[in-house]
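Data block below; observations after.
Owing to the predicted nature of the structure, the values given are computational and were not obtained by experimental measurement.
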There are 2 protein chains.
Amino acid sequence: MSKNTDFVTSCPLTKVQKIVGGKWKIVILWYLSVGPKRFGQIKRTFPDITQAMLTKQLRELEEDGFVHREVFKEIPPRVEYSLTATGENFVPILRSMYDWGEVHLAPAEQ
Amino acid sequence: MSKNTDFVTSCPLTKVQKIVGGKWKIVILWYLSVGPKRFGQIKRTFPDITQAMLTKQLRELEEDGFVHREVFKEIPPRVEYSLTATGENFVPILRSMYDWGEVHLAPAEQ
DNA sequence: CGGGATCCGAGAAGATACTG
DNA sequence: CAGTATCTTCTCGGATCCCG
């Protein structure tokens, strides 16, 4: 606010990018957009993410208010992740990005 | 294509994120959406980007077909950056992200 | 089962100096 | 003016081991 270059960091675009800029964030959100998922389900869906990374990204998404984490006190433990209202509101943007990518990025390019 | 986990890397969302995932990419695109800009203009607009980083990000955006680079053979040299048709097509998504951020991310949070 | 804690390498990002 | 070339720093993401 004091420095006049802060219009960059205060730009909504910058904030959004910081939140969903993680390597796996948007695909996780995309996956959760079809319904709540258990930790193991997500992990099996994205085998290339390590548990540690998956936990980290989910926690960050939780802190940013995109994802809700529900712990069921059972044996064995069970944890479900779902989108919050904020997260749901972001899905249309993901969808438009998805559609845009399909149209403008040739599958076999690069 | 061979491994069944490639649906992740082949996901349009993943591709889009790779392209605009750079720290400054989307704000640069956002800035260019108002019209062609010279290198020096961009640099002065974002003083926190080093020349090297700015050059790199612009070249990557150029390689990905989002930005057009026009070199004028003058003394002193002059280089103008502008959005390609693809880049222009992406602007509405930036705009929706911008609007979404304004609504859902409180200015004073965190 | 769903993590936490720690260590580590690669690549992103920053600082600085030089050039056509 | 608009870069290039290094060098350094730092953050992200990955691997591994341990825990309730």
Side-chain angles (χ1 to χ4, degrees), chain A residues 3 5-6 8-9 11 13-29 31-32 36-64 67-82 110, chain B residues 3 5 8-9 11 13-14 16-29 31-32 36-64 67-82 110:
Chain A
K3 291 162 56 183
T5 64
D6 280 351
V8 177
T9 47
C11 175
L13 279 176
T14 305
K15 294 181 186 173
V16 171
Q17 191 230 11
K18 274 194 171 183
I19 295 176
V20 299
K23 185 172 178 181
W24 305 98
K25 298 275 181 72
I26 58 175
V27 278
I28 292 173
L29 290 175
Y31 180 57
L32 288 181
K37 300 292 175 187
R38 299 185 55 173
F39 184 87
Q41 285 181 291
I42 306 174
K43 184 166 170 6
R44 263 175 275 117
T45 303
F46 306 103
D48 291 345
I49 319 182
T50 59
Q51 322 83 305
M53 189 49 53
L54 180 55
T55 300
K56 193 182 166 201
Q57 306 264 310
L58 283 169
R59 290 299 162 85
E60 287 174 8
L61 287 171
E62 189 190 2
E63 281 173 27
D64 290 324
V67 161
H68 173 67
R69 180 169 177 266
E70 179 102 36
V71 182
F72 297 87
K73 289 284 186 179
E74 307 172 354
I75 302 294
R78 174 167 147 238
V79 180
E80 269 190 9
Y81 293 90
S82 57
Q110 282 135 25
Chain B
K3 290 163 56 185
T5 63
V8 177
T9 48
C11 174
L13 279 175
T14 305
V16 171
Q17 191 232 9
K18 274 195 169 181
I19 295 175
V20 300
K23 185 173 180 181
W24 305 98
K25 298 275 182 72
I26 59 174
V27 278
I28 291 174
L29 290 175
Y31 180 58
L32 289 181
K37 299 292 174 188
R38 298 184 56 170
F39 185 87
Q41 284 183 290
I42 307 175
K43 184 166 169 7
R44 263 175 276 114
T45 304
F46 307 104
D48 291 344
I49 320 183
T50 60
Q51 321 84 305
M53 187 50 53
L54 180 54
T55 300
K56 192 184 166 200
Q57 306 264 310
L58 284 169
R59 293 299 164 85
E60 287 174 8
L61 286 172
E62 190 191 2
E63 282 173 27
D64 290 325
V67 162
H68 174 67
R69 179 169 178 264
E70 180 102 34
V71 182
F72 297 87
K73 289 282 185 178
E74 306 173 352
I75 302 294
R78 175 166 147 239
V79 180
E80 269 190 10
Y81 293 89
S82 56
Q110 280 132 27

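A salt bridge (charged side-chain N to carboxylate O under 4.0 Å, His left out) check over residues 17-27 of chain B, counting only residues at least two apart or in different chains, returns the pairs B/Lys25-B/Glu60.
Among the atoms of the strands shown, none is found under 4.0 Å from any heavy atom of B/Arg44. Within the 4.0 angstrom heavy-atom criterion, only backbone atoms of the sugar-phosphate kind lie near B/Tyr81; the bases stay farther away. B/Glu60 comes within contact range of no nucleotide atom at all, as no heavy-atom separation falls under 4.0 Å.
Atom pair B/Ile19:CD1 and C/dA12:C1' shows a separation of 18 Å (rounding to whole Å applied). The distance from atom NZ of A/Lys18 to atom P of C/dA12 is 19 Å, rounded to the nearest whole Å. C/dG2 atom P lies 11 Å from atom NZ of A/Lys43, rounded to whole Å. Computed from coordinates, the A/Lys73 NZ to C/dG3 P distance equals 12 Å when rounded to whole Å. Whole-Å rounding puts the A/Leu58 CG to C/dG4 C1' distance at 14 Å. Atom pair A/Leu54:CG and C/dG3:P shows a separation of 8 Å (rounding to whole Å applied). A/Glu80 has its CD atom 15 Å from the P atom of C/dC1, to the nearest Å.
Across every non-hydrogen atom of B/Arg69 and B/Tyr81, the tightest pair is NE-OH, 3.3 Å. Residues A/Thr14 and A/Val8 come closest through the heavy atom pair OG1-O, 2.7 Å. Of all heavy-atom pairs spanning B/Leu29 and B/Val67, the tightest one is CD2-CG2, 4.0 Å. Between B/Lys43 and B/Ile49, the closest heavy-atom pair is NZ-O, 4.2 Å. When all heavy atoms of B/Gln41 and B/Arg38 are compared, the closest pair comes out as OE1-N, 2.8 Å. Here the closest non-hydrogen pair linking A/Lys15 and A/Thr9 is CG-O, 4.1 Å.
Qualifying side-chain hydrogen bond (donor to acceptor under 3.5 Å, both in side chains) partners for A/Glu80, counting only residues two or more places apart in sequence or in other chains: A/Arg78. Annotation: ring pair (Phe, Tyr, Trp, His ring centres under 6.0 Å) contacts of B/Tyr31 (sequence neighbours excluded): B/Phe46.
Distance alone, capped at 3.5 Å, places no donor-acceptor pair between the A/Gln17 side chain and the B/Trp24 backbone.
You can see that DNA chain D meets the heavy atoms of chain A within a 4.0 Å-exclusive cut from D/dG13 to D/dG20, reading 5' to 3'.
Between A/Arg38 and C/dG2, a side-chain N or O to OP1/OP2 separation shorter than 4.0 Å is present.
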Handout entry: Footprint string (nucleotides 14-20 of chain C, 5' to 3'): B base within contact, S backbone only, - free, heavy atoms under 4.0 Å
Key = SSBB--B
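Interatomic distance, B/Ile28 CD1 to B/Leu58 CG, rounded to the nearest 0.5 Å: 5.0 Å.
Between the axis at the start and the axis at the end of the helix from C/dC1-D/dG20 to C/dG20-D/dC1 there is an angle of 50°, using five pairs per end and rounding to 10 degrees.
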